[in-house]
Amino acid sequence: MFKAKILIVGPSECGKTVLANFLSDSVETIGGDYSPTQGVRILEFEAHSLGGSGKNVTCEVELWDCAGDLRFESCWPALMKDSNGVVIVFNPDMPSHLKELETWYSSFVSSQSMQESQCLLMAHHKPGSAADNARPVLASQLSKLSMIHSNLEEDPEGVRQEFSRYLGSIVKTLSESREREEMSIIT
């Protein structure tokens, strides 16, 4: 069984906690009153995803729901330790969030030298928003990343399937890394 540590990062009030709760099945209802995350929340669950060998693989997932408030920036190095993937969440209806994406990318993806397959952009549409599913204009390094639109009111299962696909790519990376390590021991 694989264990994956996935960070969910992004600007304040973009919906990280709602998405983390939904993806980990930790709450019955979606939404509620806004309460900013202080530091980090860690949600653990098991997921079944397609592994690198084409087999269905069980993976223990730790979703680290990281605060979007920059006053917690001093904690970021500790949060990043041993992470396997980063989901950058933003609200595409807020221009300030689009401007902040590069900061989140450089702080959590570039600094760890993560592969593009280990990162996912999630344009999270809040309830009642227009839900424009066009790809926003992004900086060049961000435009190479996989991006999904999430709307938990209109297509919750689509969001879950896209996350599962992303998780499958993380498991594939972990599997390939394990195989390389085993081969280096043998040879």
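Note that these values count all heavy atoms, side chains included, but never hydrogens, waters or copies made by symmetry.
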Peer 1: Evaluate the side-chain proximity of Ile88 to Cys119: yes if any heavy-atom separation is below 4.5 Å, no if none is.
Peer 2: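 Of all side-chain heavy-atom pairs linking Ile88 with Cys119, at least one is under 4.5 Å.
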
Peer 1: Is a donor on one side and an acceptor on the other found under 3.5 Å between the side chain of Asn84 and the backbone of Lys5?
Peer 2: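 Yes; judged by distance alone, with no hydrogens or angles, the pair exists.
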
Peer 1: Any sub-3.5 Å donor-acceptor pair from His97's side-chain atoms to Asn91's backbone N or O?
Peer 2: yes

Peer 1: Look at the aromatic rings of Phe163 and Phe45 and report parallel, tilted or perpendicular, splitting at 30° and 60°.
Peer 2: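 If you compare the ring of Phe163 with that of Phe45, the planes turn out tilted.
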
Peer 1: Roughly how far apart are Glu60 CD and Phe2 CZ, rounded to 0.5 Å?
Peer 2: 12.0 Å

Peer 1: Step by step, work out the side-chain contact (heavy atoms from CB on, under 4.5 Å) result for Glu102 and Leu142.
Peer 2: CA-CA 7 Å; Glu102 288 183 69; Leu142 294 168; 3.9 Å; yes

Peer 1: If hydrophobic clusters are built from ILVMFWY residues whose side chains come within less than 4.5 Å, do Phe22 and Ile6 share one?
Peer 2: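 Yes, one cluster joins them.
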
Peer 1: Would you indicate whether the side-chain heavy atoms of Met147 and Phe90 approach each other to under 4.5 Å?
Peer 2: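 Side chain of Phe90 against side chain of Met147, heavy atoms only: contact under 4.5 Å found.
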
Peer 1: Under a 4.5 Å cut-off applied to non-hydrogen side-chain atoms, are Val87 and Tyr166 in contact?
Peer 2: yes

Peer 1: Can you tell me how far the CG atom of Leu138 sits from the NZ atom of Lys144, to the nearest 0.5 Å?
Peer 2: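 Separation between the atoms: 13.0 Å.
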
Peer 1: Write down the atom of Met114, the atom of Ser83, and the distance for their closest heavy-atom approach.
Peer 2: CE-OG, 3.4 Å

Peer 1: Without swapping roles, check the side chain of Ser169 against the backbone of Ser117 for a donor-acceptor pair under 3.5 Å.
Peer 2: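 Looks like yes, one N/O pair under 3.5 Å.
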
Peer 1: Where do Glu13 and Lys126 land on the side-chain contact (heavy atoms from CB on, under 4.5 Å) test, with the steps shown first?
Peer 2: CA-CA 10 Å; Glu13 296 187 59; Lys126 293 195 172 187; 4.1 Å; yes

Peer 1: Residues sharing Ile186's hydrophobic cluster, by side-chain heavy-atom contacts under 4.5 Å among ILVMFWY, directly or via others?
Peer 2: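 Joined to Ile186, directly or through intermediates: Met183.
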
Peer 1: Drop me the distance from Met122's CE to Ser146's OG, to the nearest 0.5 angstrom.
Peer 2: 11.0 Å

Peer 1: Drop me the distance from Leu167's CG to Glu162's CD, to the nearest 0.5 angstrom.
Peer 2: 12.5 Å

Peer 1: Between Gln112 (side chain) and Phe108 (backbone), is there a donor-acceptor pair under 3.5 Å?
Peer 2: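 A pair under 3.5 Å: yes.
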
Peer 1: So which atom in Met80 and which in Ser111 form the shortest heavy-atom distance, rounded to 0.1 Å?
Peer 2: SD-OG, 3.7 Å

Peer 1: Kindly give the heavy-atom pair with the smallest separation between Thr37 and Ala67, and that separation in Å.
Peer 2: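 It is O-CB, 3.2 Å.
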
Peer 1: Just wondering, do Asp93 and His125 contact through their side chains at under 4.5 Å, heavy atoms?
Peer 2: yes

Peer 1: What distance do Asp65 atom CG and Leu19 atom CG have between them, rounded to the nearest 0.5 Å?
Peer 2: 9.0 Å

Peer 1: Is there a donor-acceptor pair closer than 3.5 Å between any side-chain N or O of Ser107 and the backbone N or O of Trp104?
Peer 2: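 Flag not set: sc Ser107 to bb Trp104 has no pair under 3.5 Å.
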
Peer 1: Supply the atom-to-atom distance Leu101 CG to Gln141 CD, rounded to the nearest 0.5 angstrom.
Peer 2: 10.0 Å

Peer 1: Ignoring hydrogens and angles, tell me if any N or O in the side chain of Ser175 forms a donor-acceptor pair with the backbone of Val171 under 3.5 Å.
Peer 2: no

Peer 1: Less than 3.5 Å apart, which donor and acceptor atoms pair up between the side chains of residues 68-79 and the rest of the protein, not counting sequence neighbours?
Peer 2:
unit_1	atom_1	unit_2	atom_2	d
Asp69	OD1	Arg71	N	3.0
Asp69	OD2	Arg71	NE	3.0
Arg71	NH2	Gln38	OE1	2.9

Peer 1: Taking side-chain hydrogen bond (donor to acceptor under 3.5 Å, both in side chains) as the test, write out the residues that go with Lys99, two or more places apart.
Peer 2: none

